Participant: 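Quick one: the structure is below, and I'll ask about it shortly.
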Amino acid sequence: MEGMVRRDFLERAATIGLGGMVLAALPVAERMIRADPAIAAVRPDDATLQAFADTIIPGRKATRTDLGDEIDPLAIAGVDDSPGAVEADSLRLYHDPLTGFDALAPAFLADLNGRALEQGGPFLTLSHEQRVTVVMGGLSFDNPDRTLWEAAAAVPFTAFCAAAEHETGTSRNASGYRVMGYPGAAPNGYRGASYRRKLSSERTRNGSLP
């Protein structure tokens, strides 16, 4: 089940992108706030958002992100030896105006912590295994608010895999690229990575490959 949920989410994220997922989740967040107006007063909890990002793409314990932002000491469970989504500046992307996730944050955090209480406490205080249980429930196909959770999960996915908060992401400044073994942008190309042959200038008769 976990593999199916993750695979389906990755396919959707790749297809419609982070912005599309946030827009798709807005009606869900608005419906939740109308049902419980108190949700609108929920303040964004940066530590909890970091903990959620660490559950999506776990990483090593760290105190600062790639861009130097502070990491809450409780956020990263530390179940992996490599940098994860928190270190890749997921929190910055959550609050980036171009992302628009701040409009979803109150409804998402209310649902996240509500489900976390069933595991024993606020999400930030749970073990990694308990956090995974909460997240799997939120991303389950039988959750009517699943779109909201997909949008929340797309943020760390994008921060880590696309170095979204870096103007020019490279393996030197973006830990996600470094972990994946992807060198990142190269305005002047990569030495030693070329066949040293000119690209073909010929055209086929009808413009298609043979």
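Keep in mind the model is a prediction, meaning the values are calculated, not measured.
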Participant: Which pair of non-hydrogen atoms, one from Leu104 and one from Ala151, has the smallest distance, and what is that distance?
Facilitator: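 Between these two residues, the closest heavy atoms are CD1-CB, 3.8 Å.
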Participant: If you take all heavy atoms of Asp102 and Pro106, which pair is closest and at what distance?
Facilitator: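 Answer, listing the atom of Asp102 first, then Pro106: O-CD, 3.5 Å.
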Participant: List the steps and the verdict of side-chain contact (heavy atoms from CB on, under 4.5 Å) for Glu165 and Asp66.
Facilitator: CA-CA 10 Å; Glu165 284 301 302; Asp66 290 343; over 6 Å; no
Participant: Grab the two heavy atoms, one from Pro73 and one from Lys61, that are nearest each other, plus how far apart they are.
Facilitator: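 In terms of heavy atoms, the two residues are closest at O-NZ, 3.6 Å.
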Participant: I would like to know whether Arg60 and Ile76 meet side-chain contact (heavy atoms from CB on, under 4.5 Å); could you show each step before the answer?
Facilitator: CA-CA 7 Å; Arg60 66 187 179 185; Ile76 298 178; over 6 Å; no
Participant: Please say yes or no: joined through hydrophobic side-chain contacts below 4.5 Å, possibly via intermediate residues, are Val86 and Leu126 part of one cluster?
Facilitator: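 Not linked; separate clusters.
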Participant: For Asp80 and Pro58, work out which heavy atoms get closest and say how close.
Facilitator: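 Looking at all heavy atoms of both residues, the shortest contact is CB-O, 3.9 Å.
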Participant: Would you please say whether a donor-acceptor pair under 3.5 Å links the side chains of Asp89 and His166?
Facilitator: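 Looking only at side-chain atoms, His166 and Asp89 do not form any donor-acceptor pair under 3.5 Å.
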Participant: Hey, is CZ on Arg172 packed in by over 12 heavy atoms from elsewhere, all under 6.0 Å?
Facilitator: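 It does not: Arg172 CZ has 12 such atoms or fewer within range.
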Participant: What distance do Leu109 atom CG and Ile39 atom CD1 have between them, rounded to the nearest 0.5 Å?
Facilitator: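 Answer rounded to 0.5 Å: 10.5 Å.
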Participant: Check whether any side-chain heavy atom of Leu112 sits under 4.5 Å from a side-chain heavy atom of Val134, and report yes or no.
Facilitator: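 Yes, close enough: below the 4.5 Å cut-off.
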Participant: Given the rule that I, L, V, M, F, W and Y join up when any side-chain heavy atoms are under 4.5 Å apart, are Val155 and Met180 in one cluster?
Facilitator: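 In one cluster: yes.
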Participant: Do Phe52 and Val135 have side-chain heavy atoms sitting under 4.5 Å apart?
Facilitator: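 They are in side-chain contact.
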Participant: For the atom pair CD (Glu70) and OG1 (Thr63), what is the distance rounded to the nearest 0.5 Å?
Facilitator: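 If we round to the nearest 0.5 Å, Glu70:CD and Thr63:OG1 are 8.5 Å apart.
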Participant: Applying side-chain contact (heavy atoms from CB on, under 4.5 Å), run through Asp36 and Met32 and close with a yes or a no.
Facilitator: CA-CA 6 Å; Asp36 184 3; Met32 293 172 67; over 6 Å; no
Participant: For Thr168 and Ala185, work out which heavy atoms get closest and say how close.
Facilitator: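 Between these two residues, the closest heavy atoms are CG2-CB, 3.6 Å.
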Participant: Against the six-membered ring of Phe123, is Arg131 placed for a cation-pi contact (under 6.0 Å from the centre, within 45° of the normal)?
Facilitator: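 Satisfied, under 6.0 Å and within 45°.
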Participant: If the condition is side-chain contact (heavy atoms from CB on, under 4.5 Å), which residues does Ala85 pass it with, not counting sequence neighbours?
Facilitator: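 Counting only residues at least two positions away or on another chain, Ala85 forms a side-chain contact (heavy atoms from CB on, under 4.5 Å) with Ala53, Ile57, Ser90, Pro156.
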Participant: CD of Glu150 to CG of Asp145: how many Å apart, nearest 0.5 Å?
Facilitator: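 Result: 11.5 Å between the selected atoms.
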Participant: Output yes when Arg92 and Asp96 qualify as a salt bridge under the 4.0 Å nitrogen-oxygen rule, no when they do not.
Facilitator: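 Salt bridge between Arg92 and Asp96, a charged N being under 4.0 Å from a carboxylate O: no.
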Participant: How far does CD of Gln50 sit from CG of Leu74, to the nearest 0.5 angstrom?
Facilitator: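 Separation between the atoms: 10.5 Å.
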Participant: Is there a donor-acceptor pair closer than 3.5 Å between any side-chain N or O of Ser140 and the backbone N or O of Asn143?
Facilitator: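 Absent.
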Participant: More than 12 non-hydrogen atoms from neighbouring residues, nucleotides or ligands closer than 6.0 Å to CZ on Arg64, yes or no?
Facilitator: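 Counting neighbours around CZ of Arg64, more than 12 heavy atoms of other residues, nucleotides or ligands fall under 6.0 Å, so yes.
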Participant: Answer yes or no: is there a side-chain heavy-atom contact under 4.5 Å between Phe101 and Leu18?
Facilitator: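 Contact flag for Phe101/Leu18 side chains = no.
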Participant: Report the C-alpha distance between Trp149 and Arg115 in whole Å, list the side-chain angles of each, state the deciding distance to 0.1 Å, and finish with yes or no for side-chain contact (heavy atoms from CB on, under 4.5 Å).
Facilitator: CA-CA 12 Å; Trp149 285 72; Arg115 291 173 179 270; 3.5 Å; yes
Participant: Nearest 0.5 Å, please: how far is CD in Glu129 from OG1 in Thr55?
Facilitator: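 Between atom OG1 of Thr55 and atom CD of Glu129 there are 10.5 Å.
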Participant: Side chains of Thr133 and Glu118, heavy atoms from C-beta outward: is any pair under 4.5 Å?
Facilitator: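 No, their side chains stay 4.5 Å or more apart.
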Participant: With clusters defined by side-chain heavy atoms of hydrophobic residues (ILVMFWY) lying less than 4.5 Å apart, directly or transitively, does Val42 cluster with Leu148?
Facilitator: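 Result: yes, single cluster for both.
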Participant: Of Asp54, Asp72, Leu91, Leu93, which meets side chain to side chain contact (heavy atoms under 4.5 Å, CB included) against Leu49?
Facilitator: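 So, applying the side chain to side chain contact (heavy atoms under 4.5 Å, CB included) to Leu49 and each of Asp54, Asp72, Leu91, Leu93, only Leu91 qualifies.
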Participant: Of all the heavy-atom pairs spanning Pro144 and Asp142, show the shortest one and how long it is.
Facilitator: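 Minimum heavy-atom separation between Pro144 and Asp142: CD-O, 3.3 Å.
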Participant: Backbone N or O of Thr99 within a donor-acceptor pair of the Tyr94 side chain at under 3.5 Å?
Facilitator: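 Checked: no pair found.
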Participant: Is there a chain of hydrophobic side chains (I, L, V, M, F, W, Y, each step under 4.5 Å between heavy atoms) that links Leu124 to Ile71?
Facilitator: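 Each belongs to a different hydrophobic cluster.
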